[in-house]
Structures are given as structure tokens and as C-alpha cells.
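This one's a predicted model, so the numbers in the text were calculated from it and none came from an experiment.
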Amino acid sequence: MKRTMMKSLKKENIRKIKALLELYSGIIKNQLMDIVPKTIMSFMVYGFKEDLHKGLIQRLVDQQKINELMKEDPFIEEKRDRATKMLRALEQADAITCTLD
């Protein structure tokens, strides 16, 4: 009787361990299914970012491109010139009004 009781206890323990291992393997499988695509995308995005960064730096290093990029918009330049002329005219008007006082 003891022997049959021990066998049934062992079988029950084996069944529990098997159930726990199946549950554990299911959890690991789900984690891998979640992590693998994220890791692949991470490497793809990192590679793209590095290539883009190198390309942009290369374009900026070219001296001709730097001068072209730093060139002021003609509209802004014209607006700044008009503002400078207006400032000079206002300073002259201020100087004239100060002499009248």
C-alpha cells in the first residue's frame, strides 16, 4: 500500500512539474515573440540613424554647402537693410529734435 501511495505521489509530483514546465515554456515563448521583433527593429532603426547622421555630417563638411547653407535669404537681407535705414533715419530725426529743445 505504501508503495502504491508513493507511486501515486511521484506521479502527482511529476504531473505538477510537467505543468509548471509547460507554463514556464509558454511564458518564455511569449517573451521571445515580443522581444525578437523589437530587437530587430531596434537594430534597423539604429543602423538607419547612423547612416543618416554620417550622410548629413558629410553634406555639412563640404565647404561649398556650408556657404550655401549659411547664406541669408534675400527677403530677410532686404528687410534687414530697410530696418537699418529706418533706424538711421530715426536716429537723425532724434538728433534734430534734440537740437530744437
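In this structure, Lys71 NZ and Glu77 CD are separated by 8.5 Å, a value rounded to the nearest 0.5 Å. We find the CG-CZ distance between Asn13 and Arg15 to be 9.5 Å, quoted to the nearest 0.5 Å. To the nearest 0.5 Å, atom OG1 of residue Thr4 and atom NZ of residue Lys11 are 10.0 Å apart. Note that the NZ atom of Lys18 and the CD1 atom of Ile14 stand 10.0 Å from one another [nearest 0.5 Å]. With values rounded to the nearest 0.5 angstrom, Asp81 atom CG is found 11.5 Å from Ile76 atom CD1. The CG atom of Leu90 sits 6.5 Å away from the CG atom of Leu87 when rounded to the nearest 0.5 Å.
Note on Glu50 versus Lys54: no salt bridge recorded, every NZ/NE/NH1/NH2 to OD/OE distance being 4.0 Å or above. Remark: Glu91 does not engage Arg88 in a salt bridge, criterion side-chain N to carboxylate O under 4.0 Å.
By the 4.5 Å heavy-atom criterion applied to side chains, Thr97 and Asp94 are counted as neighbours. Counting heavy atoms from C-beta outward, Phe48 and Met44 have side chains that stay 4.5 Å or more apart. Counting only heavy atoms from C-beta outward, the side chains of Lys7 and Lys10 never approach each other to under 4.5 Å.
Hydrophobic clustering, with ILVMFWY side chains joined whenever heavy atoms are under 4.5 angstrom apart, keeps Tyr24 apart from Met33.
Not one N or O on the side chain of Ser42 forms a donor-acceptor pair closer than 3.5 Å with the backbone of Lys38.
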